[in-house]
Amino acid sequence: MSVQISVTERRLQEIVAKKLQIEPTEVPLDAPLMDDSILDSMDKMMVILEIEEQFAPVDLSARDATDLRTIRELAAFLDRHAPALS
Amino acid sequence: METNFCLLGHPADYQHLGSLLARSRPDFTAEKLERNRRSLTALFELSPSYVTDCDLRLPAPGGSIVHGKLIICTFLPQGIDSPRRAAAACAKIKQGCRLARECGASIVGLGGFTSILAGEQGRILADELGITVTSGNSLTAALALQQLDTLLARLNWKLENLTVALLGASGDIGTACARSLAQRCERLMLVARGEQRLSNLREQLGPRPRVEVHTDINRALDANVIVATTSASRPVLFDAQLRVGTVVCDLGFPKNLSHGLRPRPDILVFSGGIAHMAAPVDLTAYTQLPAKNLVYGCFAEAMVLAASRRYESFSVGQGCISVEKMRTIIELARSCGFTPAPLYSGYRPIGATDVEVFLDRCGRTTCQ
């Protein structure tokens with residue numbers, strides 16, 4: 001059974017995959033992005049910097065970004081705040 | 001007064017932040033700091049990045065003086081536990097870079113986690129800001145490897161007979177160390193969480209017979225020497241785990257290795273990637289290093305480049321540091337009075353007695 005993936009989710013998978021040097025499809029949509037088992041602290045910051053660059057002018061440090069954890073949640077947030085890019 | 005360089009840093013952890021706060025507020029006792037940990041951390045993270053009052057004066061070849069400033073980015077690595085907080089930390093670092101530009105700095109040295117600005121996106125940002133940045137990773141790696149060579153010579157151990165585990169091998173400093181160590185040690189264990197990145201690195205290193213890839217950090221415990229270069233915000237190893245006769249070079253900021261209460265004279269742990277300055281520039285409150293004439297390689301590299309009037313992004317990108325690049329920067333550092341620091345374990349110099357006791361405990365001929 002194929003899983004529906006949005007354009008934004010796919011782009012986020014690609015950003016993380018590039019950092020991890022793996023295939024985008026190997027990046028789980030529902031795993032917590034900030035889990036130490038996926039990315040180290042420096043990688044996390046680089047990924048966030050890259051996301052902010054690609055989805056500018058979105059601000060992930062904004063208060064309404066507080067509860068974002070997974071790629072899926074991040075993608076939904078980005079779709080709300082940078083809809084023209086999705 | 002012209003500012004030639006700026007150094008960007010951040011406290012290693014809450015204890016470090018507490019010591020900085022206590023400098024200006026002596027009434028902030030340890031007990032008070034502990035009681036108010038949450039509120040003080042929150043206040044610190046709400047504050048903007050700031051330029052400290054440190055006036056960094058550095059003699060340059062030819063007799064002139066170059067001037068620098070230290071900028072503190074107001075985040076703690078341990079707080080980076082969500083995309084929002086990671087983004088907030090990135091924003092503080094960008095803010096720090098803007099402050100450096102306002103100070104008129106020609107080059108910015110990126111300490112600790114601020115070195116993300118030396119990555120691909122950071123380079124774009126630096127271009128936008130019109131400022132030159134360097135992560136200092138080339139000099140950090142070069143210093144650490146020379147410090148390791150010094151200790152091994154004192155032990156009369158030969159690298160070509162040793163198994164070396166490299167923690168955080170896929171990072172920028174780790175990759176640089178791997179390129180050097182793969183040519184010199186008997187067996188090299190590349191350790192990090194991403195297997196694919198490690199495999200790619202092993203391929204880059206060429207047909208070396210004994211380069212291994214491990215994602216389980218416990219495999220590193222088999223090594224004679226552990227070089228720890230992870231950018232973890234908390235320790236990844238505890239000294240109680242280490243085998244008798246293990247040498248550890250810890251480059252982490254915050255440290256990768258945590259020490260227990262029981263002394264371990266049967267292991268040797270030193271802080272790697274540190275330079276000794278011929279002319280002291282006191283940054284000890286911010287670096288937590290044991291002497292005024294010591295500085296982290298990440299800062300030293302920007303200082304050396306400024307003193308040499310080479311305002312160039314020497315260390316940028318990921319995985320771009322070659323053995324030749326390390327050789328170049330350490331020679332340039334020497335010409336400016338920066339040499340590999342003497343060996344310290346925390347605040348304590350590693351003396352002849354430490355080495356003797358260590359050798360007695362682990363057997364003198366183990367690795368000769």
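Residue numbering restarts at 1 for every chain, and letters A, B, ... go by the order of the sequence lines.
In this structure the side chain of A/Asp43 reaches within 4.5 angstrom of the side chain of B/Arg197, judged on heavy atoms. Annotation: side chain of B/Ile116 is in contact with side chain of A/Leu49 (closest heavy-atom distance under 4.5 Å).
Under the salt bridge (Lys or Arg N to Asp or Glu O under 4.0 Å) criterion, A/Arg69 pairs with no residue, sequence neighbours left out.
Here A/Ile48 is the residue among A/Ile48, A/Leu68, A/Asp59 with the most heavy-atom pairs under 4.5 Å with chain B. Per-residue heavy-atom pair counts under 4.5 Å with chain A were compared for B/Ile80, B/Thr215, B/Thr230, and the maximum is reached by B/Ile80.
The contact list for residues 82-89 of chain B toward chain A, using heavy atoms and a distance under 4.5 Å, reads B/Ser82, B/Pro83, B/Arg84, B/Ala86, B/Ala87, B/Ala88, B/Ala89 by residue number.
The two atoms that bring B/Ser231 and A/Ser41 nearest to each other are O-CB, 3.5 Å, heavy atoms only.
Contact annotation for A/Ile51: neither backbone nor side-chain heavy atoms come within less than 4.5 Å of a heavy atom of chain B.
Residue A/Lys44 holds its NZ atom at 6.0 Å from OG of B/Ser233, rounded to the nearest 0.5 Å. In this structure, the separation between CD on A/Glu50 and SG on B/Cys90 is 11.0 Å, given to the nearest 0.5 Å. Note: A/Met42 CE to B/Gln318 CD = 8.0 Å, rounded to the nearest 0.5 Å.
Within 6.0 Å of CD in B/Gln78 there are more than 12 heavy atoms belonging to other residues, nucleotides or ligands. Within 6.0 Å of CG in A/Asp67 there are 12 or fewer heavy atoms belonging to other residues, nucleotides or ligands.
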Donor-acceptor pairs are to be reported for all side-chain atoms of residues 164-172 of chain B against protein atoms at under 3.5 Å, with residues two or more places apart or in another chain.
unit_1: B/Asp172; atom_1: OD1; unit_2: B/Gly319; atom_2: N; d: 2.7
unit_1: B/Asp172; atom_1: OD2; unit_2: B/Asn137; atom_2: ND2; d: 2.8

Less than 3.5 Å apart, which donor and acceptor atoms pair up between the side chains of residues 20-29 of chain A and the rest of the protein, not counting sequence neighbours?
unit_1: A/Gln21; atom_1: OE1; unit_2: B/Asn200; atom_2: ND2; d: 2.6
unit_1: A/Glu26; atom_1: OE2; unit_2: A/Glu23; atom_2: N; d: 3.2

